[in-house]
Amino acid sequence: MASASTSIQTLSSFSFSSNKPKKINCALQSPSSISFPKQFQSLSIPKSWNLFQKVSAMALDAIENSLIEREKKHSLPKTVDPTVQIAGNFSPVPEQPVQHYLPVVGKIPDHIDGVYLRNGANPMFEPTSGHHLFDGDGMIYAVKFDNGAASYACRFTETQRLVQERAIGKPVFPKAIGELHGHSGIAKLLLFYARGLCGLVDHSQGIGVANAGLVYFNNRLLAMSEDDLPYEVRVTPTGDLKTVGRYSFNNQLKSTMIAHPKLDPDTNELFALSYDVIQKPYLKYFRFSPEGSKSKDVAIKLGGPTMVHDFAITENFVVVPDHQVVFKMSEMITGGSPVVYDKEKVSRFGVLDKYADDDSGIKWVDVPDCFCFHLWNAWEEPESDEVVVIGSCMTPADSIFNESHEELKSVLSEIRLDLKTGKSTRRAIISPENDVNLEAGMVNKNLLGRKSKYAYLAIADPWPKVSGFAKVDLSTGEIKKFIYGEEKYGGEPLFLPGDSNSGTEDEGHILTFVHDEKTWSSEFQIVDTITLQLQATVKLPSRVPYGFHGTFISAKSLATQAK
């Protein structure tokens, strides 16, 4: 889940390096261990460095240390304060090799045969300055099911960034959200490029963290963040995880790719976007055939660099948001954040043919004061010449990135784009008296891009923690809730369709990690989506932090995994 920590109150200061876990309290009253696991604390100088590199490293480290000491004289906004952003069960854990035959309460349904995987941000090193939740290193948490038995493992995705920082023994790559703001951010960028010129780091092989999305496509599991190419991760026969490497689709992909590509359930094609914060084109659209052949890039003209975290597909179109959260790098010169809410801009959605060769046929429809960080589905209604978009509209739009004293709200909404008139309408799907913050979730994957009746979404309450999930009837607004338990919080609910041929859209199960803040232990819950009854619980051997997005790979698909 893309989780914002803006509503958590300032925490008392503490030492990250303390060996004894300390109790803290935030507005959500979550006691936690904050000390970083010992495996993250090593410090080394690569043996391959020559004398020039060692001297350069010492000089640049001294400059950086001086910069950090100056930063410590000023308080950090909650949005980049590590004592807020990675407090409680948002704090990191060490890797866990696979452990088999975990205790199971209840019965695992027969059709759940394969592996559930969820991504998350898990910083390897203690932050030295500003840190946003989204900045952490990618870690994948996996529960593998085999004939009613369950195993668990979690591993870092071995990005180029992580590999280099681990070799040096400290964080040296700038954190895109937590550090790149104001004059300090400019200084850290200059330090980073100076390290590159001295041969201490190599940014040519990517700078991303691969911590957000997961997709299984063309027999490969891909871990993604929107600041880099995807990384291929292999699920071993035992249920462990092994990073294969940065994946460019056989050198076809030359740019970054957002973390929410869309897999068409009928054609098995993968559709994706890439955005750039510096140079034109600021946004590109492309697709891959089921065999992994990439189309040419379609440049989509925008007035300036815009954050496009997610988009939608229909049977014939892609639906691209152009919202009011934009990038203005010049703001850093005046001491601000480059992520800005542009009050003068009007939000809009572009509707483009899936197989267009250019953006000349795109139809833009204004949807004022709308910011959807995530879109759950979209479909066409030919009788009215409308495209219907289902998303969670968030206000304040930039509160995930910039501190705000206004209460954050995420309203599940139906947005209708009239392709004939160029006008839009928007309505809240759930009545105000029943409304809750709904963020992170999905519809039945077999209906992606087609009209769906139900959505399964995380109840982000108390924000930013997830107390359960909601099954929402998108046409009537009826909402049914499943709460994980007293002082239990989870994350994104993944809907896994059942294996029958009944044609019932909501037949299946919700799969999710859940953490008990009373006992400080984690489990994996399996919930029947028709009865909303807990069907099985897998007791996990170690804590699972709250995280982002996941996927499920069937045993049948795993059997064809690329070697």
To the closest 0.5 Å, what do you measure between [atom1] ([X]) and [atom2] ([Y])?
| X | Y | atom1 | atom2 | value |
| --- | --- | --- | --- | --- |
| Ser289 | Asn268 | OG | CG | 10.5 Å |
| Leu352 | Ile313 | CG | CD1 | 13.0 Å |
| Trp379 | Ile390 | CH2 | CD1 | 4.0 Å |
| Phe482 | Ile510 | CZ | CD1 | 10.0 Å |
| Cys372 | Leu412 | SG | CG | 9.5 Å |
| Ser410 | Glu439 | OG | CD | 4.0 Å |

Considering only residues two or more places apart or on different chains, which pairs with a residue in [range] satisfy salt bridge (charged side-chain N to carboxylate O under 4.0 Å, His left out)?
| range | result |
| --- | --- |
| residues 216-226 | Arg220-Glu232 |
| residues 261-273 | Lys262-Asp310, Asp264-Lys354, Asp264-Arg450, Asp266-Arg450 |
| residues 108-122 | Lys107-Asp110 |

Mind listing the closest non-hydrogen atom pair of [X] and [Y] along with its distance?
| X | Y | result |
| --- | --- | --- |
| Tyr454 | Val443 | O-CG1, 3.4 Å |
| Val233 | Ile140 | CG2-CD1, 3.9 Å |
| Asp228 | Gly208 | OD2-N, 2.9 Å |
| Leu162 | Thr157 | CD1-O, 4.2 Å |

Residues forming a salt bridge (charged side-chain N to carboxylate O under 4.0 Å, His left out) with [X], sequence neighbours excluded:
| X | answer |
| --- | --- |
| Glu381 | Arg416, Lys451 |
| Lys453 | Asp473 |
| Lys363 | none |
| Asp342 | none |

Would you say the ring centers of [X] and [Y] fall short of 6.0 Å from each other?
| X | Y | result |
| --- | --- | --- |
| His323 | Tyr341 | no |
| Tyr456 | Phe469 | no |
| Tyr546 | Phe548 | no |

Practice prompt. Run the numbers on Asp322 and Arg348 for salt bridge (Lys or Arg N to Asp or Glu O under 4.0 Å), then give the verdict.
Written response: CA-CA 5 Å; Asp322 179 20; Arg348 60 182 184 165; 2.8 Å; yes
How would you list, by chain and number, every residue that makes a ring-ring contact (aromatic ring centres under 6.0 Å, His included) with [X], sequence neighbours excluded?
| X | value |
| --- | --- |
| Phe513 | Tyr116, Phe524 |
| Tyr231 | none |
| Tyr193 | His203 |
| Phe327 | Tyr275 |

Fill in: With Gln252 via side-chain contact (heavy atoms from CB on, under 4.5 Å) - residues at least two apart
Phe249, Ser293, Lys294
Worksheet item: Judged by atom type as modelled, is there a donor-acceptor pair below 3.5 Å linking the side chain of Ser274 to the main-chain atoms of Thr256?
Response: yes
Worksheet entry | Residues Lys296, Asp357: salt bridge by 4.0 Å N-O rule | no
Fill in: Within 6.0 angstrom of Glu344 CD, more than 12 heavy atoms from elsewhere
no
Worksheet item: Can you list the steps and then say if Leu438 with Ile459 is a side-chain contact (heavy atoms from CB on, under 4.5 Å)?
Response: CA-CA 5 Å; Leu438 296 178; Ile459 300 172; 4.1 Å; yes
Fill in: Passing candidate, side-chain hydrogen bond (donor to acceptor under 3.5 Å, both in side chains) with Glu158, options Lys242, Arg246, Arg166
Arg166
